[in-house]
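Reviewing the structure listed below.
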Amino acid sequence: MEQKAMRAVFGEELVLLGAEYPQMVVLDSDTSSSTQTRLFGQAYPDRFFNCGIAEGNMLGIAGGMAASGLIPVAAAFAFLVALRAGDDVRSLIAHNHLNVKMAGCYCGLSDFADGSSHQSVEDMGVLRSIPGITILSPSDITSTKEAIKAMMEYEGPVYIRLSRQEVSRIYPEDLRIEIGKAQRVREGKDVTIAVTGAPLAAVLNAADILKGEGIEAEILDYITVKPFDRNTLLESVAKTGLLVTVEEHSICGGLGSSAAETLGEVFPVAIKRIGMEDCFGESGPYALLLEKYGISTDNIVKQAKRLLKMKGEKTIS
């Protein structure tokens, strides 16, 4: 099965889009090997700017470039975009609705070796609360490419969340992403599983296991986290009556919060949010970290069956 790191897909796609968008410039904060923006720098040296370890300054520069008619793509580790540069993101970019594209790399637990200080489990929650910022969180090779294209086509500030880790190709190459619309990956009638980002692969594996036990899971992939697709969620949950959300992020402020807020206002049902439960991560092998914090196939199966047992609609063995 084809595997590629999201950051590699990001770097390669920037080079391709550089030819399509002559007004595109790329900025980095001295992490161009990590984020793979160095590929754009090699292809377009006059349009690449290394701003050093000064993420706030980088985004301020990006705002000025956008105000001058350029389309800046600014890359840094995800927690640095959301937190260290948060004032610049809010006051300069979002407040003025500038056409800046912000890439938050090494998101979630994917910076496993650098520990909790560099793992970004709160970035979506922080940025989702800032008015006017669109948030994209692709899940595989194809959706990463298409999300980057959609980001460039969109007029306004966009944050795209990119994992350090390799992902497979789940979607066909003819996938088209509509910002603000979830992808219905599988149809089902017993439980809805909404996911964002790289955990899609674990969700699909969980759905296969559940199917073997006679449980049909409907899978919604939220490649766009904000604006949140309320209608697709409500339509699905009206059918299944149950919801599990899965994200490599804190359950506070991300996909699970968006879903719970929507259902709480309109159609309350039993829901289980899978993600980091109000805690930081730690150093360790990536797969073991995901398992420890429950962002795993086994826990998704367990939680879906638990909800179904509570509802009493299935006899769970």
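We use all heavy atoms of the structure for the numbers below, so side chains are in, but hydrogens, waters and symmetry mates are not. All values derive from a computational prediction rather than experimental measurement.
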Measuring from [X]:[atom1] to [Y]:[atom2], what's the distance to the nearest 0.5 Å?
X	Y	atom1	atom2	value
Glu13	Leu39	CD	CG	12.0 Å
Ser143	Gln183	OG	CD	8.5 Å
Arg47	Met65	CZ	CE	11.5 Å
Asn50	Ser29	CG	OG	7.5 Å
Thr35	Leu162	OG1	CG	9.5 Å
Ser139	Asp221	OG	CG	3.5 Å

In terms of hydrophobic clusters joined by side-chain contacts under 4.5 Å, are [X] and [Y] together?
X	Y	answer
Met152	Val9	yes
Met6	Leu136	yes
Ile274	Ile215	yes
Val89	Ile135	yes

For [X] against [Y], the heavy-atom pair lying closest together:
X	Y	answer
Ala147	Ile160	CB-CD1, 3.9 Å
Ile93	Leu59	CD1-O, 3.7 Å
Gly256	Ile271	O-CD1, 4.5 Å
Ala304	Leu210	CB-CD1, 3.9 Å
Ala238	Phe267	CA-CE2, 3.7 Å
Ile179	Pro227	CG2-CD, 4.2 Å

Classify the side-chain pair [X]/[Y] by whether it contains a donor and acceptor separated by less than 3.5 Å.
X	Y	result
Tyr106	Arg7	yes
Asp140	Ser168	no
Ser236	Glu218	yes
Thr37	Asp28	yes
Asp123	Tyr159	yes

For the CZ atom on Arg90, are there more than 12 heavy atoms of other groups (residues, nucleotides or ligands in this structure) within a distance under 6.0 Å? no
Check whether more than 12 heavy atoms from other residues, nucleotides or ligands sit under 6.0 Å from atom CG of Leu16, and answer yes or no. yes
Under the side-chain contact (heavy atoms from CB on, under 4.5 Å) criterion, do Lys211 and Asp208 qualify, and how do the steps go? CA-CA 5 Å; Lys211 186 175 181 180; Asp208 288 340; 5.5 Å; no
If only atom types and distance count, is the side chain of [X] paired as donor or acceptor with the main-chain N or O of [Y] below 3.5 Å?
X	Y	value
Thr232	Asp229	no
Gln119	Ser110	no
Thr196	Tyr222	yes
Thr240	Leu242	yes
Lys305	Ile300	no
Glu247	Leu255	yes
Lys226	Arg128	yes
Asn96	Leu98	no
Ser257	Ile251	yes
Lys4	Ile141	no

Would Arg230 and Phe228 count as a cation-pi pair here, with the cationic atom under 6.0 angstrom from the ring centre and within 45° of the axis? no
Between Glu12 and Lys145, is there a salt bridge with N-O shorter than 4.0 Å? no
Salt bridge check: are Arg164 and Glu248 linked by an N-O gap of less than 4.0 Å? no
Apply salt bridge (Lys or Arg N to Asp or Glu O under 4.0 Å) to the pair Glu216 and Arg186, showing each step before the final yes or no. CA-CA 9 Å; Glu216 296 181 15; Arg186 287 194 188 178; over 6 Å; no
With side-chain contact (heavy atoms from CB on, under 4.5 Å) as the criterion, how do Val25 and Val73 come out once you've worked through the C-alpha distance, each side chain's angles and the decisive distance to 0.1 Å? CA-CA 6 Å; Val25 292; Val73 179; over 6 Å; no
Over 60° means perpendicular and under 30° means parallel, so classify the ring planes of His118 and Phe77, tilted if in between. perpendicular
With salt bridge (Lys or Arg N to Asp or Glu O under 4.0 Å) as the criterion, how do Arg184 and Glu235 come out once you've worked through the C-alpha distance, each side chain's angles and the decisive distance to 0.1 Å? CA-CA 11 Å; Arg184 184 177 274 104; Glu235 178 184 306; 3.1 Å; yes
Could you tell me if the side chain of Asn299 sits less than 4.5 Å from the side chain of Tyr293, heavy atoms only? no
Given the side-chain rings of Phe40 and Tyr44, with only the six-membered ring counted for Trp, is the space between their centroids under 6.0 Å? yes
